[in-house]
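Single-structure report; data block below.
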Amino acid sequence: MNFVKRAGLSLRARKVRTAVLLGIFVVICTLLLGGFLLQGATARQEADAQRTIGVDVTLKGKTLTPALADRLGSSPQVHRYNPRLPIEAGARGIEPLESDVPRPGGDRSGVKTPRPLALNGVRDSGLLLPFSYGSNKITSGRGITPEDAGRRVAMVEKRLASKNGLKVGDTIRALSADGKSTVPLTVVGIFRDATPNPTRWTPPHLLPGNTLYVPVRAAQQLSPGAADLAEAVFRIGSPEQAEQLHAEARRLLGTGSFDFRVNDKAYKDQVRPIQRVGTVAGLIVQLIAVAGALILGLIVMLQIRERRDELGMLLSLGEKKWKLIGQHTVEVAAVALPAVALAALAGQIAAQQAGDALLGHQESASSPRTRSPDAGADSPETRVQPSDLGKVAGIGLGISLVSTVVPGIGILRLHPRSILTDSE
């Protein structure tokens, strides 16, 4: 009789043992699938965190221009970037804020005062440190985005907007540095700066309420001679990519001195715990595979001992020993395959709960910087993928092979005469 057919008859005749073996395999495959799903969830969470949290690199240098910042921003390591070009500008049609404290020495009407507005040309206001960490908050409208590069728009501080009755959609006019032209700016956002008004006299352009944010190109139009940036912030995926960006900055800016600072605190606070969860999930998968092979190996070994008479009868009839090992392998493998299907149902539920418990708390514990508009508010989703089922099926068949071949070595040393003699 074919040993595969004989394996099927054996499973049918030993229904209780087959059910026990199936239950053990379902537990093993469910735990394996849960581990793979958790690994996938951590990988997706880590990739999302690298994109939304990332690592901020601040670059300062005398030769840093908007054009060079754009070239660095196009590097494959950079997800987002923001150059900052500070200038001073005059005001037309609006009344800038003035210090509440009298000027030392009395009124000096004949003394030339600086232009009252402090404009910052930016590309992405969300990367500015005060907005990134939540000390500055947009109360109406929106911030400056890369899509505003060619537009004449502005974010206005709440105190200046309140004094002049400004709201989103209104137009203000800024006077250029040379005083020859006026640039109209449409208000797209109003923000609140947490910095209080100074307690001593301060020039108007240094008052926090007179701060405006505009696109870099608009700032260049208001101050044609200001070509160098104060700084540029680049958000990259991980600290390991900082060295590559540093080499690119050195190539573009030359060997001259420039300040290159890496701020990876938020990355370490949020991404490293996710990576540890993924590492633990990988260790769990390995432990389950080894433990499953040992448990099933012991069960098969006990079955071989209980079926010595059957094995001796088959050997006396001329059955080859490798076919007896193959029969046990088929019996175990035939149970492993339906166990994978059952594990797919149970593993989805178990893994989702594990993902919520191990990863969901990362969002609730995140700092204001990590709660960017790009980040999701829900815990990471765990879903069964065909590749995960393939891995579980492969490991399950591997466990079947190991758990039957290793105990099957004892079959190779069996002799029909000795078995039949012992049974008598």
Side-chain angles (χ1 to χ4, degrees), residues 1-38 281 283-315 317 319-351 354 384 386-414 419 422-423:
M1 182 184 297
N2 187 287
F3 72 92
V4 176
K5 182 178 180 181
R6 192 165 60 241
L9 295 175
S10 177
L11 289 174
R12 187 177 304 174
R14 298 176 174 86
K15 295 181 180 179
V16 176
R17 294 181 182 178
T18 301
V20 172
L21 194 62
L22 177 63
I24 295 175
F25 249 119
V26 169
V27 172
I28 294 174
C29 291
T30 300
L31 294 176
L32 286 174
L33 184 58
F36 286 126
L37 291 177
L38 189 56
L283 294 176
I284 290 175
V285 169
Q286 297 177 8
L287 180 62
I288 293 172
V290 173
L294 292 176
I295 293 173
L296 290 175
L298 291 175
I299 294 175
V300 172
M301 186 179 297
L302 292 175
Q303 289 182 350
I304 290 175
R305 289 185 178 181
E306 293 177 358
R307 297 167 63 178
R308 283 173 59 88
D309 294 344
E310 175 188 344
L311 297 177
M313 183 65 68
L314 292 173
L315 289 173
L317 295 175
E319 187 68 26
K320 297 184 181 299
K321 294 181 180 180
W322 70 266
K323 288 188 176 182
L324 297 181
I325 299 176
Q327 175 183 339
H328 285 82
T329 303
V330 171
E331 290 179 9
V332 178
V335 176
L337 293 177
V340 173
L342 294 175
L345 300 176
Q348 177 66 47
I349 301 174
V384 177
S387 58
D388 296 326
L389 293 177
K391 293 177 184 178
V392 173
I395 294 178
L397 293 177
I399 291 175
S400 303
L401 186 62
V402 172
S403 63
T404 53
V405 171
V406 175
I409 296 176
I411 296 178
L412 300 177
R413 295 184 294 180
L414 294 178
I419 295 175
D422 292 342
S423 62

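Applying the side chain to side chain contact (heavy atoms under 4.5 Å, CB included) criterion to V26, with sequence neighbours excluded, gives L22, T30, A339, L342.
Counting all heavy atoms, side chain and backbone alike, A281 lies closest to G35 at CB-O, 3.9 Å.
If you run side chain to side chain contact (heavy atoms under 4.5 Å, CB included) between L31 and each of I288, V285, L287, only I288 comes through. Checking each of V27, I284, L37, V392 against L32 for a side chain to side chain contact (heavy atoms under 4.5 Å, CB included) leaves exactly one that passes, namely V392.
Looking at heavy atoms from C-beta onward, V20 lies out of side-chain contact with R17 at the 4.5 angstrom threshold.
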